[in-house]
Amino acid sequence: MPIKGVLFDFSGTLFRIESVSAWLRAVLDARGTAVEQADFERWTGRLTEAGALPGGPAPVRIPPTLAAAWADRDRTAQAHREAYTGLARQVALPDPGLYDALYDRHMSPVAWQPYPDAAEVLRGLRRGGTAVGIVSNIGWDLRPVFRAHGLDEYVDAYVLSCEHGVQKPDPYLFRTACALLELDPTDVVMVGDDRHADAGAAAVGCEVRFVDHLPVAERPDGLRALGLAELAGEAPGTHRP
């Protein structure tokens with residue numbers, strides 16, 4: 001039977017956050033903070049190791065004082081900010097205001113880039129009448145990112161962990177997304193990059209398919225390769241309003 005809906009993860013699946021160096025440079029420039037190149041490179045390396053950029057490289061080590069916030073980071077906006085600004089504060093930056101400025105920067109649509117085939121795949125699903133939902137572990141409202149990049153028109157429902165107080169792989173989020181799409185989970189495919197979190201969709205009956213969380217330039221057709229439009233198999237002209 002053809003699928004009737006597709007759920008997508010956000011970070012590492014449809015979009016990728018900018019690099020740590022671009023993130024830090026954008027904030028320093030916006031604040032008019034001039035730094036030596038050696039300092040910039042050192043801070044970039046340490047922020048990378050700290051895992052301070054949401055959606056970026058994972059922390060090498062979680063400080064014990066941040067363990068609780070890290071474990072629950074996607075349940076609330078407060079926990080998410082606390083966890084990531086806390087990780088950034090493991091790096092001694094010259095201006096105390098930089099930590100919140102860095103966090104705020106990562107929520108900006110300009111900090112995110114869709115994968116090269118994201119628009120094509122979403123457009124093809126819409127054209128074929130397939131419902132689309134976003135299910136994301138996140139601590140802020142990502143809808144403006146989709147709107148800014150012209151992809152919001154292809155999304156029928158958003159289910160964000162911070163709005164429900166529940167994190168993937170909890171089945172609740174996937175079940176909620178399927179209910180919003182008015183579909184049985186067995187008619188839905190979940191697409192994500194996290195083999196643990198996104199695999200939770202299988203518990204409610206969804207098929208799960210994975211892409212690799214790579215830089216945009218290194219994954220030109222990871223979504224297209226899944227053949228989602230072909231799986232949908234809807235007749236032409238049955239697109240959703």
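All figures in this text were calculated on a predicted structure; none of them were measured in a lab.
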> E82 and Q78: side-chain donor and acceptor closer than 3.5 Å?
Replying inline: no
>> When you compare the side chains of R89 and T85, does any donor N or O come within less than 3.5 Å of an acceptor on the partner?
In response: yes
Backbone N/O of [Y] and side chain of [X]: donor-acceptor pair under 3.5 Å:
X	Y	answer
D117	E120	no
R209	L226	yes
S161	I138	yes
Q167	D74	yes
D212	L214	no
R224	D221	no
Y99	L93	yes

Rounded distance [0.5 Å steps], [atom1] in [X] versus [atom2] in [Y]:
X	Y	atom1	atom2	answer
L7	I134	CG	CD1	8.5 Å
D95	L98	CG	CG	4.5 Å
L125	K4	CG	NZ	15.5 Å
C178	L173	SG	CG	11.0 Å
L87	Q90	CG	CD	6.5 Å
R75	N137	CZ	CG	9.0 Å

Can you tell if the side chain of [X] reaches within under 4.5 Å of the side chain of [Y], non-hydrogen atoms only?
X	Y	value
R105	L24	no
V135	K168	yes
L102	W23	yes
T76	C162	no
E163	Y158	no
E18	R25	no
V6	V188	no
V211	L223	yes

> Stepwise, does the side chain to side chain contact (heavy atoms under 4.5 Å, CB included) test hold for D198 with D193?
Replying inline: CA-CA 7 Å; D198 297 315; D193 68 292; 4.1 Å; yes
> Other hydrophobic cluster members with Y115, side-chain heavy atoms of Ile/Leu/Val/Met/Phe/Trp/Tyr under 4.5 Å, chained?
Replying inline: V216
> What's the verdict on side chain to side chain contact (heavy atoms under 4.5 Å, CB included) for T13 and V191, showing C-alpha distance, side-chain angles and the deciding distance?
Replying inline: CA-CA 7 Å; T13 299; V191 177; 3.9 Å; yes
>> Apply side chain to side chain contact (heavy atoms under 4.5 Å, CB included) to residues R81 and D100 and explain how you reach the verdict.
In response: CA-CA 8 Å; R81 180 180 284 270; D100 280 316; 3.0 Å; yes
> How are the rings of Y84 and H80 set to each other: parallel, tilted or perpendicular (split at 30° and 60°)?
Replying inline: tilted
>> Students often mix this up, so state it plainly: with edges at 30° and 60°, are the rings of W140 and F10 parallel, tilted or perpendicular?
In response: perpendicular
>> Can you pull out every side-chain hydrogen bond (donor to acceptor under 3.5 Å, both in side chains) where at least one residue sits in residues 171-182? Sequence neighbours excluded, please.
In response: none
Donor-acceptor contacts, no H, no angles, side chain residues 46-66, under 3.5 Å, sequence neighbours left out:
unit_1 : atom_1 : unit_2 : atom_2 : d
T48    : OG1    : T44    : O      : 2.8

> Between F146 and H149, does the ring centre distance come in under 6.0 Å?
Replying inline: no
Closest non-hydrogen atom pair, [X] against [Y]:
X	Y	answer
R16	P215	NH1-N, 3.5 Å
A201	F174	N-CE1, 3.4 Å
G192	D9	CA-CB, 3.8 Å
A148	P109	CB-CB, 3.5 Å
G150	E153	O-OE2, 3.6 Å

> Counting heavy atoms not belonging to E218, are there more than 12 under 6.0 Å from its CD?
Replying inline: yes
>> One pair to check against side chain to side chain contact (heavy atoms under 4.5 Å, CB included): S136 and F8. What are the steps and the verdict?
In response: CA-CA 8 Å; S136 176; F8 290 96; over 6 Å; no
